[in-house]
Structure formats: C-alpha cells, structure tokens
Amino acid sequence: MSHGWRALLPFEFDEAGWTITRVLTLEGDRSPPVTVHINFHGDTLDVNTERRKLSKRDAARITRDVRHMFRLDEEMSLFYAAVAPDPDFDWIIKEGAGRLLRSPTVYEDLVKTICTTNCSWVLTTKMVEGLVKHLGRPVAEDGRHAFPTPEAMAAEPESFYRDTVRAGYRAGYFKELAGRVASGELDVESWLTSELSTAELKREMKRVKGVGEYAADNLLKLLGRYDCLALDSWVRATFARLHNKGRTADDRKIARHYARFKEWRGLALWCDITRDWIEDEV
DNA sequence: GCGTCCAGGTCTACC
DNA sequence: GGTAGACCTGGACGC
C-alpha cells in the first residue's frame, strides 16, 4: 500500500486477497516473461509462478527482482530509530511501514515517474498501460505483458508515443530517453549504486528531458535516498489538509515540518501523508 | 454542448 | 538564480 506503483502495469494489486501480481522479465531472448503472484503470510513472503518449470537461473532472477521490488535487503532500523521519539510517527514502526514498492529496473521507474508529471493519475495509468500492452513482451500463459525494454521503446517513432500512448508533449522525452539508454550512452541502472552525493546525482537525473525537481526527488526515494521531499500538487494539498487547517502551505513550511528527520525526511513525509491509506486498509 | 480549469510539472527564453 | 508562458491529455465543473 506504500504508493500508487502497485496499480501501474505490469503490477496488479488484488486488495481482497492482498496479492501483488507482477510480470517479470527473464534473461535471454529464449526465456519469455513470467507472471508471479506474491502475497504475505506473517513474516513469510510467497512467490508463485504459473510456469511449471523454472531453471535455476530464472528462479534466481525472480528472487533477485522480488527482493529489489520490496526492498527486502534495505536496512530500516535507522529510519525507525529516527521516527521513534515522535508519537505521531511511531505507527510506522508498529506497521513496519516505509518500504516503498519499486520496479525491478531504474529505467521503468524513470519512465513511470515521467508519466506522473503534469497530469491526473488516471492519465498516468493510461499512458503506462499503453506502453506495456503495445510494447511489452507477452507472457505465454496468460497474455499479460512485461514492461517494455529501452530497445523496444527506442524502436518506435515519436508519433507512437503521441498518438497511441497519448503521452502528448512527453512523446519526445520517451523517444530520446529510450534511445540514450538502449545505445548505452546513459546508464540509469548505475544510479542505484552511484557514489555521487544526492545533490550531484539529482543534477545528473535532471539532465534527462522530462525530469525536473519533483521527478528527480521521487526517483531518489525509489533508489533509497530519502533526503529529498518530492513535493507535488497532491503532497502539498494533503499537507495542507493534515497540518495547515486546509490552507496552502509554503514549501519552506513543509520542509521545516519534516526537517527533524534529517536524511530520512522524505520517507517520513511520505509515510505521514499516506498514513490513512495504510490505516484504512489495516 | 461549450469553455475553463487543473492534475502526483517541466522546459525554454528572458531578465 | 528566478520567473512567465507554453505545453498534451482528459475528467470535472459551471453555465
């Protein structure tokens, strides 16, 4: 329930059964994508595929991707220690919240983040659906599709993104980004392990057309860097409702509100303003 | 039915 | 470094 990514293909979320379904890409052209169903039983996470046989290599790839998507290797104790003194935030520890769902690749998260900018959430879901259903490799068993590769996206003309994906002015951004990544000129996956400071990495991200202040902040959170706030219209409106008597708050006021959480302020903010999502569901 | 606004913003030109 | 105006889409809203 951490954020809207669960509703963007090739993720699907079944609220009744608390199951995440996800199409994962396997290595090599001979291995078509596979659909996995993921749910939780206590501290156990079950991952089921619809395929009868998986090679060791495929199983290892699926395990790696699931660990990455759910951040199972991310150390949360420092974040919990940072929020523990504040009674308004100790629910985060009780719920074990804070692991923001992410895609198996930085590229996918980057494309999706551009799809969230300057439009309604409904339009975001439609753009992502268009990309996945038209360009993603199909799963043999169920007709679902993987997220398209940079190569598949680079092969399409800009008009495809404008006319079919309905991406509007973002069409040129997708074409250019996919081409740079597919050619090897831009290695966005390296951002995960970059040793650049957050400010330096943010500058690099903003060199991608379509990535501005909000989009870069959002990507940094997905990479595991939480010292940016990622303020967008929804966050500002929700902050106003929760903490400013419904009145629009200056960005500096929002920053001051979460400053005490230091390098965890972005994650503390996000947990705070989505608290009702999780509490309603629980 | 039509016009306007704006949503999980960014880019460019200009100062 | 700061800011005005343009930019696609599509749903909500007022008239």
Side-chain angles (χ1 to χ4, degrees), chain A residues 1-9 11 13 100-103 108-134 153 156-180 186 188 199-223 225-226 228-244 246-252 254-255 257-258 265-278 280:
Chain A
M1 299 300 294
S2 57
H3 65 134
W5 255 219
R6 69 183 184 277
L8 295 180
L9 292 175
F11 282 111
F13 180 54
L100 304 180
L101 182 68
R102 60 183 170 184
S103 307
E108 180 181 328
D109 280 340
L110 172 54
V111 171
K112 284 178 169 173
T113 297
I114 293 174
C115 288
T116 67
T117 58
N118 197 29
C119 65
S120 63
W121 181 251
V122 172
L123 184 55
T124 297
T125 63
K126 287 181 178 174
M127 284 189 275
V128 172
E129 182 180 343
L131 291 171
V132 170
K133 290 191 173 175
H134 286 95
M153 286 183 62
E156 294 297 324
E158 186 174 324
S159 58
F160 167 81
Y161 298 102
R162 194 177 299 278
D163 302 334
T164 303
V165 177
R166 311 298 292 168
Y169 66 87
R170 304 169 194 80
Y173 301 163
F174 291 143
K175 176 71 179 171
E176 181 179 312
L177 171 63
R180 291 178 66 196
L186 177 64
V188 296
E200 290 169 330
L201 184 55
K202 189 168 169 177
R203 270 196 294 277
E204 186 170 327
M205 288 175 163
K206 288 171 82 168
R207 282 201 283 269
V208 174
K209 286 273 186 64
V211 176
E213 186 70 16
Y214 154 74
D217 279 7
N218 189 57
L219 276 167
L220 285 164
K221 280 187 186 177
L222 294 176
L223 294 177
R225 300 188 189 221
Y226 304 110
C228 294
L229 297 179
L231 300 179
D232 57 26
S233 58
W234 185 81
V235 168
R236 292 184 179 102
T238 306
F239 182 89
R241 178 171 59 82
L242 295 178
H243 299 303
N244 209 39
R247 294 194 302 271
T248 302
D250 187 89
D251 285 356
R252 286 168 295 188
I254 301 176
H257 188 87
Y258 297 100
R265 56 191 180 274
L267 189 54
L269 173 151
W270 186 255
C271 288
D272 185 39
I273 65 167
T274 59
R275 178 176 181 172
D276 56 346
W277 293 4
I278 295 171
D280 289 351

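Heavy-atom basis, side chains included; hydrogens, waters and symmetry copies ignored. Quick note on labels: first sequence line is chain A, next is B, and so on, each numbered from 1.
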Q. Starting at CH2 of Trp277(A) and ending at P of dG8(B), how long is that distance when rounded to a whole Å?
A. 10 Å

Q.
Looking at dG8(B) and Tyr214(A): do their rings stack (centroid distance under 5.5 Å, interplanar angle under 30°)?
A. no

Q. With under 30° as parallel and over 60° as perpendicular, where do the rings of Trp5(A) and His3(A) fit, or are they tilted in between?
A. parallel

(Q) Taking NZ in Lys206(A) as the centre, count heavy atoms belonging to other residues, nucleotides or ligands within less than 6.0 Å. Is the count above 12? (A) yes

Q.
If you define the side chain from C-beta out and look only at heavy atoms, does anything of Val165(A) sit under 4.5 Å from His134(A)?
A. no

Q: Taking the side chain as every heavy atom from C-beta outward, state whether Ile114(A) and Leu177(A) have any atom pair closer than 4.5 Å.
A: yes

Q | dC15(B) pairs with, by Watson-Crick or G-U criteria that keep both distances under 3.5 Å | A | dG1(C)

Q. To the nearest Å, how far apart are Glu176(A) CD and dC11(B) C1'?
A. 12 Å

Q.
Nearest 0.5 Å, please: how far is CG in Asp250(A) from CZ in Arg252(A)?
A. 4.5 Å

Q.
Categorize Ala215(A) for me: base, sugar-phosphate, or nothing, with a 4.0 angstrom heavy-atom threshold over every strand shown.
A. sugar-phosphate

Q) Just how far is it from atom OH of Tyr214(A) to atom SG of Cys228(A), taken to the nearest 0.5 Å? A) 13.0 Å

Q: Would you mind pulling out the nucleotide paired to dC8(C), Watson-Crick or G-U wobble, both distances under 3.5 Å?
A: none

Q | Below 4.0 Å: OP1/OP2 of dT10(B) and any side-chain N or O of Arg170(A) | A | no

Q: Measure the distance from CZ on Arg207(A) to P on dC11(B) and round it to the nearest whole Å.
A: 13 Å

Q: With P as the reference atom in both, quote the distance from dA13(B) to dC8(C) in angstrom, rounded to an integer.
A: 15 Å

Q: Name the residue closer to the 5' end of DNA chain B, choosing between Asp232(A) and Tyr173(A) according to the nucleotide with the nearest heavy atom.
A: Asp232(A)

Q) What is the distance, rounded to the nearest whole Å, between atom CD1 of Ile114(A) and atom P of dG8(B)? A) 18 Å

(Q) Can you tell me if Ser233(A) touches the phosphate of dG9(B), counting only side-chain N or O atoms and a distance under 4.0 Å to OP1 or OP2? (A) yes

Q: Take atom CH2 of Trp234(A) and atom C1' of dG8(B), then tell me their distance rounded to the nearest Å.
A: 8 Å

Q.
With rounding to the closest Å, how many angstrom separate the P atoms on dG5(C) and dG8(B)?
A. 25 Å

Q: Pick base, sugar-phosphate or nothing for Val208(A), based on heavy-atom distances below 4.0 Å to the nucleic acid.
A: sugar-phosphate

(Q) Check this one for me: any side-chain N or O of Lys126(A) less than 4.0 Å away from OP1 or OP2 of dG11(C)? (A) yes

Q: When you get a sec, tell me which of dG8(B), dT9(C), dC7(C) is the closest nucleotide to the side chain of Leu123(A)?
A: dT9(C)

Q) So does Lys209(A) get a side-chain nitrogen or oxygen closer than 4.0 Å to the phosphate oxygens (OP1/OP2) of dT12(B)? A) yes

Q. If you check every side-chain atom of Asn118(A), which of dG8(B), dG10(C), dA7(B) has the closest atom?
A. dA7(B)

Q. Whole-Å distance between dG1(C) P and Glu213(A) CD?
A. 13 Å

Q: Scan Arg162(A) against the nucleic acid and name what it touches under 4.0 Å (heavy atoms): base, sugar-phosphate only, or nothing.
A: sugar-phosphate

Q: Report the nucleotide, chosen from dG10(C), dA7(B), dG8(B), that has the shortest atom-to-atom distance to any side-chain atom of Asn218(A).
A: dG8(B)

Q) Taking atom P of dT10(B) as reference, at what distance in whole Å does atom CZ of Phe174(A) sit? A) 13 Å

Q.
Does Val122(A) reach a base, just sugar-phosphate, or nothing at all? Heavy atoms under 4.0 Å.
A. nothing

(Q) Classify Ser120(A) by what it touches in the nucleic acid, base, sugar-phosphate, or nothing, heavy-atom distance under 4.0 Å. (A) base

Q) What is the distance, rounded to the nearest whole Å, between atom CG of Leu177(A) and atom P of dT10(B)? A) 14 Å

Q: Name the orientation class of the two ring planes belonging to Trp234(A) and Trp270(A) (parallel below 30°, tilted from 30 to 60°, perpendicular beyond 60°).
A: tilted

Q. Which one, dG8(B), dA7(B), dT10(B), comes nearest to the side chain of Thr117(A)?
A. dT10(B)

